[in-house]
Amino acid sequence: GSTEEFGILPDGTVVDEKTPTKPVNPYGESKLAGYLMMVDYIAKYGLDIVSAIPSNHTGPGQEQFLAAEVAKQIVEIENGQREPILVTGDISNKKNFSDVRDVARAYRLLLELGKSGERYIVCNNKNVSLSYIVQVLLGFSIVTIDHRIDSSRGRANQTEISFDNSKLKEATGYEPKFEIEQTLFDLLESHRVR
């Protein structure tokens, strides 16, 4: 699944598995359709299927999205391939970011302990500002880099919502292991060794 299934929610909303779905784009619609197919296949064929709904995640090996794009630009600057100017879009809001390794572990736990037909939010319950992500990555750079905001970059309809992984924790004992700073360091290192 995807948190895109919930659509655009008011600032301050806390999303859990009972939050109504209202996708506003084809990606969210396709993930919701997958969930509805799961319900149908369980009812018709008795299949054992569990649904995971991950929030944003990042970490070593990621190629796109904000943190990976910043890491890529930093490495290109460190290697002399571009001017020492990092360019991002609006980074004023906050999002929930999990380490991809924590997300993979949550998926494994759900395969082992999740209840068939149930949905589980996979997140770390901590929102972090996008500006903090940029600041931390810049702090790991071995050169001095200026940062500029390009207002033409960014996405419309950005609101700050939170996610609740209580159901996942209750079912599996899941606790995230990676703090965002370690995640970002490992992401940057993964770009440096390419």
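Heavy atoms only: backbone and side chains are in, while hydrogens, waters and symmetry mates are out.
Distance NZ/K94 to OG/S131: 8.5 Å, rounded to 0.5 Å. With rounding to the nearest 0.5 Å, the separation of CD in E17 from CG in D164 is 7.0 Å. Rounding to the nearest 0.5 angstrom, the gap separating the CZ atom in F97 from the CD1 atom in I133 is 4.0 Å. Rounded to the nearest 0.5 Å, atoms CD1 (I145) and CD1 (I74) are 5.0 Å apart. Atoms CD and CG, on E29 and L36 in that order, are 11.5 Å from each other to the nearest 0.5 Å. Distance check, rounded to the nearest 0.5 Å: CG of N165 to CD1 of I53 gives 12.5 Å.
A continuous path of Ile, Leu, Val, Met, Phe, Trp and Tyr side chains, each step under 4.5 Å between heavy atoms, connects V39 with I49, placing both in one hydrophobic cluster. Following chains of ILVMFWY side-chain contacts shorter than 4.5 Å, one cannot reach Y174 starting from F163, and the two form parts of different hydrophobic clusters. By the rule that hydrophobic residues join a cluster once side-chain heavy atoms approach within less than 4.5 Å of another member, V75 and L184 end up as members of one cluster. Follow the hydrophobic side-chain contacts under 4.5 Å out from I77 and you never reach V87; the two are in separate clusters. By the rule that hydrophobic residues join a cluster once side-chain heavy atoms approach within less than 4.5 Å of another member, M37 and L47 end up as members of one cluster.
A distance-only check finds a donor-acceptor pair linking the side chain of N96 to the backbone of K126 [under 3.5 Å]. Looking at R192, its side chain never comes within 3.5 Å of a backbone N or O of L188 through a donor-acceptor pair. Judged purely by atom type and a 3.5 angstrom limit, D99 has no side-chain atom pairing as donor or acceptor with the backbone of E179. For the pair T172 (side chain) and L110 (backbone), a donor-acceptor distance under 3.5 Å is absent. No donor-acceptor pair under 3.5 Å is formed between the side chain of D186 and the backbone N or O of G59. Panel note: side chain N79, backbone Q81; no donor-acceptor pair is recorded below 3.5 Å. When atom types are taken as modelled, the side chain of K177 and the backbone of D102 share no donor-acceptor pair closer than 3.5 angstrom. The backbone N or O of F6 sits nowhere less than 3.5 Å from a side-chain atom of T21 that would complete a donor-acceptor pair.
Between N56 and L66, the closest side-chain pair of non-hydrogen atoms is not below 4.5 Å. Residues L130 and K95 have side chains in contact (heavy-atom distance under 4.5 Å, counting atoms from C-beta outward). In this structure, the side chains of P23 and N25 stay at 4.5 Å or more apart for every pair of heavy atoms. Between R108 and E112 the shortest side-chain heavy-atom distance falls below 4.5 Å. Two residues are said to be in side-chain contact when any heavy atoms from C-beta on lie closer than 4.5 Å; V136 and F185 fail this criterion. For the pair S141/E78, a side-chain contact is recorded, criterion being any heavy-atom separation below 4.5 Å from C-beta on. At least one side-chain heavy atom of I149 sits less than 4.5 Å from a side-chain heavy atom of T88. Residues E118 and V50 are not in side-chain contact: their nearest non-hydrogen atoms beyond the backbone lie 4.5 Å or more apart.
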Walk me through whether S98 and V122 qualify under side-chain contact (heavy atoms from CB on, under 4.5 Å).
CA-CA 8 Å; S98 296; V122 177; 5.6 Å; no
Before you tell me yes or no, could you show the steps for Y132 and E181 under side-chain contact (heavy atoms from CB on, under 4.5 Å), namely the whole-Å CA-CA distance, both residues' side-chain angles and the distance that decides it to 0.1 Å?
CA-CA 10 Å; Y132 182 70; E181 295 81 5; 2.6 Å; yes
Decide yes or no on side-chain contact (heavy atoms from CB on, under 4.5 Å) for L138 and H147, but give the supporting numbers first.
CA-CA 9 Å; L138 285 172; H147 176 224; 4.2 Å; yes
With salt bridge (charged side-chain N to carboxylate O under 4.0 Å, His left out) as the test, would you mind laying out the steps for E5 and K31 before giving the verdict?
CA-CA 7 Å; E5 295 173 50; K31 294 300 183 177; over 6 Å; no
What verdict does the salt bridge (charged side-chain N to carboxylate O under 4.0 Å, His left out) test give for K18 and D16, after you've listed the backbone C-alpha separation in whole Å, the side-chain angles of each residue and the deciding distance to 0.1 Å?
CA-CA 5 Å; K18 295 176 185 170; D16 65 14; over 6 Å; no
Test side-chain contact (heavy atoms from CB on, under 4.5 Å) on L137 and H191; report intermediate values, then the result.
CA-CA 12 Å; L137 284 165; H191 279 264; over 6 Å; no
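The shortest non-hydrogen separation linking A67 to T58 is CB-OG1, 3.7 Å. Considering all non-hydrogen atoms of both residues, S55 and H57 come closest at O-ND1, 2.9 Å. The shortest non-hydrogen separation linking P10 to T13 is O-OG1, 2.6 Å. For the pair S51 and M38, the tightest heavy-atom approach, listed with the atom from each and the gap, is CB-SD, 3.7 Å. When all heavy atoms of P54 and V103 are compared, the pair lying nearest together is CB-CG1, 4.5 Å. A pairwise comparison of heavy atoms in D150 and S152 identifies OD1-OG, 2.6 Å as the closest pair.
Y120 and E170 are not linked by any side-chain donor-acceptor pair at a separation below 3.5 angstrom, with hydrogens and angles left out of the test.
Residue pairs meeting the ring-ring contact (aromatic ring centres under 6.0 Å, His included) criterion with at least one member in residues 9-51, sequence neighbours excluded: Y41-Y45.
Between R148 and E83 there is no salt bridge, since no side-chain nitrogen of the basic residue lies less than 4.0 Å from a carboxylate oxygen of the acidic one.
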